[in-house]
> 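Okay, here's the structure, questions in a sec.
The basis for the numbers below is simple: all heavy atoms, side chains too, and nothing from hydrogens, waters or symmetry mates.
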Amino acid sequence: MELPTADGVSAPLPGRCAFYVEKKKRYCKMIVGSGKVYCGEHANAEKDCEKKRIPCPLDPKHTVFKDLLAKHLKKCNSREKPKPLFYVQDINAGPAIVEDTLKDEVPLSDRSKAELDLLIKKLKTAVKGFKCKHEENIKSHPALHEALNDPKNGDSAFKHLKQQASLLGNMEDLHLLGPNRCFVEFGAGKGKLSHWIHVALKAYDDIHFLLVERSSTRFKVDGKHQNADTKFERLQVDIQHLDLRKVPLLQEKGLPVVGVGKHLCGAATDLALQCLLGSSETAPHGIEDQPASKRSKLQQQPGESTGPELQAIPRAAGETAAVQELRVGGVAIALCCHHRCDWRHYVGKEFFKERGLGASEFAAFLRMSSWATCGSRQARQTSPPQGQTDQTFEEEEHEATEQAELDSLEGVLNAEDREHIGRLCKLLIDQGRVHFLQQKGFDSSLLYYTSSDVSLENVLLTALPASR
């Protein structure tokens, strides 16, 4: 009888764990100790195992030998670590007590047709005067030309590259690409957006990157780009607690910042905008904010690039690190997952209140926003198809809707009406963000930066100082 091939799927790889991981449909790839069949993580699977493993109390995703728990807790990567200087509890979270905070949210499936009709009426009244469809501005960028034409890329990789190329193309149109600035990538993940910005600006000096990501990430690309003139620094912190004014790099360099993000999920977008512009000591980095000598350098004729001309502004005499003004040169964030927004964090509360709306309507509109893509999502599988990457599956997973709720609406609203209402909900939520940026002294807009067949979440939020 022919033995199965030791390929990690049919049989364990040589010297690797013999535990079959059902979720991944393969054997564990961890190296085993001498004379062992299973790795430490799966030692409990061995019938004659002398030691018992238990879930770590700090993070149940991994296990530890029970008799070594005390020792493990002292070095566990999930233990509480000393807070960095830039960590300020809830600085971007919004007020802890909001006057009209919703206590008991009513699911859409529990609402009557009359209640749904009233919500839809309020929604349509609130969006009156706004264009239902944004301007389409699908771009590309030479920095990604070689990667886009690489035949080794699969469909998923190609779609991500197209989005990144369009993001860079739009940033170039807005003159956000250039030296003497610091790019802050929120929800950075592996840091690929920063990677391509660096590739696009490799001819320039004095470019810096801050990659904000609350979780530890594998296969990061930023470690490949460290050199004397360019610095990549990771800030492992939730955006909710990040005070950019206290980041040493920005304190030392006095660089203007450009906030970027690709598929910044739900409330993370609002937290990022608060992080950049929520403080009273934050200002648009426009021409009028500059000394006369620098103002003339920044003044450009229409159609000319302002990117290479933006200058760093060292800390003024007597200006302490604690109160140093954060200078924001622009924002370019690809939006995502409106159903994951939060009323406390939302930057458009005043915008909603001006239209007679509050936390109750906001919560309902969040749920309804997922209708914009429910028709496309129903056709998707609940597990990654063969050849689909984990990255793509995760992106689609956090965009998923509640199927039971959709089923309950059959006969009340047809699929086409639901999709239209969902898009109006997204539009209203995004217009609240535009309003916030305008109140902070920025010209802001929404546009389609890629086609819906590339990504269903294809809206880009941009902002530039009004005084530029």
Side-chain angles (χ1 to χ4, degrees), residues 88 90-101 122-123 125-131 134-135 170 174-176 184 186 239-240 242-245 256-261 264 266-290 323-335 338 341-359 361-362 365-366 369 424-447 459-468:
V88 180
D90 290 333
I91 187 171
N92 304 313
I97 300 175
V98 185
E99 293 178 5
D100 56 347
T101 300
K122 287 183 178 182
L123 172 66
T125 301
V127 297
K128 195 172 291 182
F130 296 117
K131 290 182 179 180
H134 309 306
E135 179 185 345
N170 276 281
L174 297 170
H175 308 307
L176 292 177
V184 183
F186 294 98
I239 306 170
Q240 183 170 331
L242 171 61
D243 187 346
L244 279 174
R245 296 168 301 156
V257 300
V258 176
V260 299
L264 196 55
T269 294
D270 299 298
L271 293 171
L273 294 178
Q274 285 281 11
C275 183
L276 290 166
L277 302 164
S279 169
S280 60
E281 293 168 354
T282 301
H285 185 65
I287 296 172
E288 299 305 318
D289 301 315
Q290 312 301 323
V323 298
Q324 185 183 5
E325 184 183 88
L326 182 68
R327 299 171 176 90
V328 180
V331 176
I333 295 175
L335 304 173
H338 294 73
C341 291
D342 184 279
W343 180 245
R344 178 188 176 186
H345 305 322
Y346 182 52
V347 295
K349 287 193 283 287
E350 289 303 317
F351 173 82
F352 260 61
K353 290 175 182 177
E354 288 173 5
R355 284 154 179 76
L357 305 173
E361 291 82 5
F362 181 78
F365 294 159
L366 293 189
S369 70
L424 292 184
C425 290
K426 286 176 176 282
L427 173 65
L428 185 64
I429 294 166
D430 291 340
Q431 287 295 343
R433 292 161 169 166
V434 170
H435 178 266
F436 169 81
L437 288 161
Q438 290 171 342
Q439 294 298 305
K440 293 293 182 178
F442 285 76
D443 290 330
S444 180
S445 63
L446 299 162
L447 56 88
V459 176
L460 178 66
L461 173 68
T462 66
L464 291 172
S467 59
R468 68 191 185 282

> Please give me the minimum heavy-atom distance between Phe362 and Asp342, naming the atom from each residue.
CE2-C, 3.7 Å

> Kindly compute the distance separating CG (Leu326) from CG (Leu244), expressed to the nearest 0.5 Å.
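Here the rounded value is 5.5 Å.
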
> Is the closest side-chain heavy-atom distance between Cys275 and Arg245 below 4.5 Å?
no

> How close do Ala463 and Leu437 get, heavy atom to heavy atom, and via which atoms?
CB-CD1, 3.9 Å

> Walk me through whether Leu357 and Lys122 qualify under side-chain contact (heavy atoms from CB on, under 4.5 Å).
CA-CA 8 Å; Leu357 305 173; Lys122 287 183 178 182; 4.2 Å; yes

> Looking only at heavy atoms, what is the nearest atom pair of Val347 and Gln274, with distance?
CG1-CG, 3.6 Å

> Are any side-chain N or O atoms of Glu361 and backbone N or O atoms of Gly358, one a donor and one an acceptor, separated by less than 3.5 Å?
yes

> May I ask you to decide if Gly94's main-chain N or O and Tyr346's side chain share a donor-acceptor pair within less than 3.5 Å?
no

> Apply side chain to side chain contact (heavy atoms under 4.5 Å, CB included) to His134 and list each qualifying residue two or more places apart in sequence or on a separate chain.
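His134: side chain to side chain contact (heavy atoms under 4.5 Å, CB included) contacts with Leu427, Leu446, Tyr448, Val459.
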
> Going by side chain to side chain donor-acceptor pair (under 3.5 Å), name the residues that satisfy it together with Thr125, two or more places apart in sequence or in a different chain.
none

> Roughly how far, to the nearest 0.5 Å, is the CZ atom of Phe436 from the CG atom of Leu277?
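If I round to the nearest 0.5 Å, the distance is 5.5 Å.
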
> Ala93: which residues meet the side chain to side chain contact (heavy atoms under 4.5 Å, CB included) condition with it, sequence neighbours left out?
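With sequence neighbours excluded, Ala93 shows a side chain to side chain contact (heavy atoms under 4.5 Å, CB included) to Asp90, Gln240, Arg344, His345, given in chain and number order.
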
> Could you check if a side-chain atom of Leu428 sits within less than 4.5 angstrom of a side-chain atom of Leu123, using non-hydrogen atoms only?
yes

> So Leu464 and Leu176, do their side chains get closer than 4.5 Å, heavy atoms only?
yes

> Rounded to the nearest 0.5 Å, what separates atom CD1 in Ile333 from atom CZ in Arg433?
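CZ of Arg433 is found 8.5 Å from CD1 of Ile333.
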
> Can you tell me if Lys349 uses its side chain to pair, donor with acceptor, with the backbone of Trp343 under 3.5 Å?
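It does hold such a pair.
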
> For Leu242, does its backbone N or O pair with a side-chain atom of Asn92 as donor and acceptor, under 3.5 Å?
yes

> Quick one: ring pair (Phe, Tyr, Trp, His ring centres under 6.0 Å) partners of Phe365, sequence neighbours excluded?
none

> Taking all non-hydrogen atoms of both residues, which atom of Leu366 and which atom of His338 are closest, and how far apart?
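So the two residues come closest at CD2-O, 3.2 Å.
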
> Is there side-chain contact between Glu325 and Arg327, with heavy atoms separated by less than 4.5 Å?
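Sidechains of Arg327 and Glu325: in contact.
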
> Can you see which heavy atom on Leu460 is nearest to which on Ala334, and at what distance?
CD1-N, 3.6 Å

> Please tell me if the side chains of Cys341 and Asp270 come closer than 4.5 Å, counting only heavy atoms from C-beta onward.
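Yes - at least one pair of side-chain heavy atoms lies under 4.5 Å apart.
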
> Are Leu276 and Phe186 close enough that some pair of their side-chain heavy atoms sits under 4.5 Å apart?
yes

> Can you measure from CD1 (Ile239) to CG (Leu264) and round to the nearest 0.5 angstrom?
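One gets 5.0 Å once the value is rounded to the nearest 0.5 Å.
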
> Who are the ring pair (Phe, Tyr, Trp, His ring centres under 6.0 Å) partners of Phe351, not counting sequence neighbours?
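If we apply the ring pair (Phe, Tyr, Trp, His ring centres under 6.0 Å) test to Phe351, skipping adjacent residues, the hits are His435.
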
> Kindly indicate whether the side chain of Val331, heavy atoms from C-beta on, has any atom under 4.5 Å from the side chain of Leu273.
yes

> Under the side chain to side chain donor-acceptor pair (under 3.5 Å) test, which residues partner Thr462, sequence neighbours left out?
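Only Ser445 meet the side chain to side chain donor-acceptor pair (under 3.5 Å) criterion with Thr462.
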
> Taking all heavy atoms of Ser444 and all of Val434, pick out the closest pair and write down the distance.
OG-CG2, 3.8 Å

> With a 4.5 Å heavy-atom cut-off, do Leu335 and Asp430 have their side chains touching?
yes

